[in-house]
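Here is the structure we will look at.
The figures here come from the full heavy-atom set of this structure, side chains too, leaving out hydrogens, waters and symmetry mates. Source: prediction; values computed, not measured. All chains are named by letter (A, B, ...) in the order of the sequence lines, taking the proteins before the strands, and each is independently numbered beginning at 1.
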Protein chains: 2
Amino acid sequence: MVQTARERAREALTADIVETARGQLAEVGAAALSLRAVARELGLASSAVYRYVPSRDDLLTRLLVAGYASLGAAAEDADDPGLAPRGRWVAVSRGVRAWALAHPHEWALLYGSPVPGYAAPQDTVVAAMRSAGVFGRVLGDAARSGGLVGRTPDADRTPLVGPDVGPVLGGEHPALDDDVRARAVLAWSSTLGLVSAELFGHLVGVTTDQDAFFTEQVGRLADLVGLMG
Amino acid sequence: MVQTARERAREALTADIVETARGQLAEVGAAALSLRAVARELGLASSAVYRYVPSRDDLLTRLLVAGYASLGAAAEDADDPGLAPRGRWVAVSRGVRAWALAHPHEWALLYGSPVPGYAAPQDTVVAAMRSAGVFGRVLGDAARSGGLVGRTPDADRTPLVGPDVGPVLGGEHPALDDDVRARAVLAWSSTLGLVSAELFGHLVGVTTDQDAFFTEQVGRLADLVGLMG
DNA sequence: CCGTGTCAAGAGCAGCGCTCTCGTCTGCGA
DNA sequence: TCGCAGACGAGAGCGCTGCTCTTGACACGG
């Protein structure tokens, strides 16, 4: 895999563009992200940027994938396999919130209103699964170690969670029935809601201590899933 | 309160502008909402619109307030005081989701990423309380009718929910302690997360039946709050 | 009936995404 | 080593945006 000097320069400049765009994103948000401003910051003509990035939407896609990867890495770092299942879940949740507070505009890009007229390519949905996978591993490990309270599943109920979430949500285990997975999806969606509500200002005046409030609430969600510890 | 012909014409045209903007919002979304397009649709010069609406941000504020009012009305319509508390909570939640599915761009405006550089005025936060107040009434009625399972509150724990949420979240009642209110806030945030996740495409491939999935999940949330029925 | 104030319209400014053209320069194959 | 295809950056330009300023017409109240 040998590269010519041109190819190396091209990749380096493309990376510079994406990195500058991330800086712009952090400053002014996704909606105000301007290709011309990125070009100005790099000392390029606006038209030159189009040699490396085909469109503004494509640049957004790159930022989206990078954002999911960054969030997923933060979730993985926050995970501590030595903790009890409930504590692990809370720790990962806190890691997600901490990342969101540190990168509010990126969180808004990932989980806020989708950009109109922009359809997320398949690359982004696989990238999005990385953070969910961390919760899934906590769930799977808990099931295997007996740290998940059992329920009596209703066998005759049609499953409401698709079969594709099995691999990402804890793998195969008899204790991970449809009910547990549905609760896990609820807990993940609720965490999204908690973080977004806090970040988008829907909790101002509601909570007295945002950090303690969040920790207590994700603890309740872990209980809802059935994690012990 | 007598009005001159001029004043009446002014109010009518202002209402026309907001209504046309709502149509634009439903078509292209908030980020692509254009004052010039609104003016074109009304057969006005773009500059004339500024006589009635001081800025694009102000127009967004009007749409925000109108959206909260519309959502609040939908929640009130979905409420059926004859039902048991748990059923009421689920019905209101379903009403909220139905409104969101019918007005996806408005939902995104209300609960999605905030518009960068735009600070929501106080008018919007009081308008936002209307839908939350419906859940609060369900909670309060349940407490007064004994349809709320009691808990043993930890008196020595510092409350994590601010004192201002008392009036909107069920009023005063001994059964509505800090723990119950915190669970209600969690349930409301979780509902926001569920609806947003569905609307913004984060549940594609996860659920098999979106409607049944949502109903089951908000039922779990009602159980979490402690509503009976 | 005439001054005052409101009205819509148009031009214009700066910025945006994106396209096209035009010289320049690089690097690969002959 | 030379020549040429292809990549490169710069610039002009199109149509769009939010917003401002000026201009001329109109309605209303004293």
Side-chain angles (χ1 to χ4, degrees), chain A residues 1-18 20-25 27-64 105 109 114-119, chain B residues 1-18 20-25 27-64 105 109 114-119:
Chain A
M1 197 51 188
V2 64
Q3 296 184 52
T4 73
R6 245 222 261 273
E7 283 171 347
R8 271 188 288 109
R10 182 178 182 82
E11 286 192 8
L13 190 44
T14 307
D16 275 0
I17 290 172
V18 173
T20 308
R22 281 194 77 172
Q24 282 271 320
L25 181 66
E27 282 175 30
V28 299
L33 193 149
S34 152
L35 253 169
R36 290 177 111 109
V38 171
R40 257 197 311 275
E41 196 164 323
L42 287 170
L44 282 177
S46 67
S47 56
V49 178
Y50 284 87
R51 297 235 181 241
Y52 301 90
V53 173
S55 70
R56 199 189 99 115
D57 278 8
D58 184 90
L59 184 58
L60 278 180
T61 299
R62 291 167 190 261
L63 294 177
L64 220 40
H105 286 111
L109 176 65
V115 181
Y118 168 78
Chain B
M1 197 52 190
V2 63
Q3 296 185 53
T4 73
R6 250 222 259 272
E7 283 171 346
R8 271 189 289 108
R10 182 177 183 81
E11 285 192 10
L13 190 44
T14 307
D16 275 0
I17 289 173
V18 173
T20 307
R22 281 195 78 173
Q24 282 271 320
L25 182 66
E27 284 175 31
V28 300
L33 194 149
S34 152
L35 255 168
R36 290 175 110 112
V38 171
R40 257 197 311 274
E41 195 164 322
L42 287 170
L44 284 177
S46 65
S47 55
V49 178
Y50 284 89
R51 294 216 177 261
Y52 301 91
V53 174
S55 71
R56 200 187 98 112
D57 277 9
D58 184 89
L59 183 58
L60 278 181
T61 299
R62 290 168 190 261
L63 294 177
L64 220 39
H105 287 110
L109 177 64
V115 181
Y118 168 78

Check: B:Tyr50 and B:Leu35 side chains under 4.5 Å, non-hydrogen atoms: yes
Atom-to-atom span, CG of A:Leu44 to P of D:dG11 - whole angstrom: 11 Å
Would you kindly give the CG-to-C1' distance between B:Leu35 and D:dT20, to the nearest whole Å? 14 Å
With a cut-off of less than 4.0 Å, is there a side-chain N or O of A:Arg40 near OP1 or OP2 of C:dG15? no
In whole angstrom, give the distance that lies between atom CG of A:Asp57 and atom P of C:dC18. 7 Å
Please determine if a side-chain N or O atom of B:Ser47 lies less than 4.0 Å away from the OP1 or OP2 oxygen of C:dA9. no
For B:Val38 and B:Ile17, the nearest pair of non-hydrogen atoms, with its separation, is CG1-O, 4.0 Å
Write down the distance between OH (B:Tyr52) and C1' (C:dA9), rounded to a whole number of angstrom. 12 Å
In Å, rounded to the nearest 0.5 Å, how long is the span from CG of B:Leu13 to CG of B:Leu42? 7.0 Å
B:Arg36 CZ to C:dC16 P, straight-line distance once rounded to whole Å: 16 Å
A:Arg56 side chain vs A:Leu33 backbone, donor-acceptor pair below 3.5 Å: yes
Reckon B:Leu33 touches a base, only the sugar-phosphate, or nothing at all at heavy-atom distances under 4.0 Å? sugar-phosphate
Shortest non-hydrogen contact from A:Ser46 toward A:Ala39: CA-CB, 3.7 Å
Over how many whole Å does the gap from A:Glu41 atom CD to C:dG15 atom P extend? 16 Å
OP1, OP2 of D:dA10 versus side-chain N and O of A:Ser46: anything below 4.0 Å? no
Could you state the atom-to-atom distance from OH of A:Tyr50 to P of D:dG11 in whole Å? 17 Å
Taking atom C1' of C:dC7 as reference, at what distance in whole Å does atom CD of B:Glu11 sit? 17 Å
Give B:Ser55 one of three labels, base, sugar-phosphate or nothing, depending on what nucleic acid heavy atoms sit under 4.0 Å from its own. sugar-phosphate
Describe the nucleic acid contact of B:Arg56 in one word from base, sugar-phosphate, nothing, applying a heavy-atom distance below 4.0 Å. sugar-phosphate
For C:dC7 and B:Arg10 - does any side-chain N or O of the residue sit under 4.0 Å from the phosphate oxygens OP1/OP2? yes
Check every strand shown and say whether B:Leu13 touches a base, only sugar-phosphate, or nothing at a heavy-atom separation below 4.0 Å. sugar-phosphate
Tell me whether the side-chain N or O atoms of B:Arg51 pair up with the base of C:dA8 as donor and acceptor below 3.5 Å, since no angle test is needed here. yes
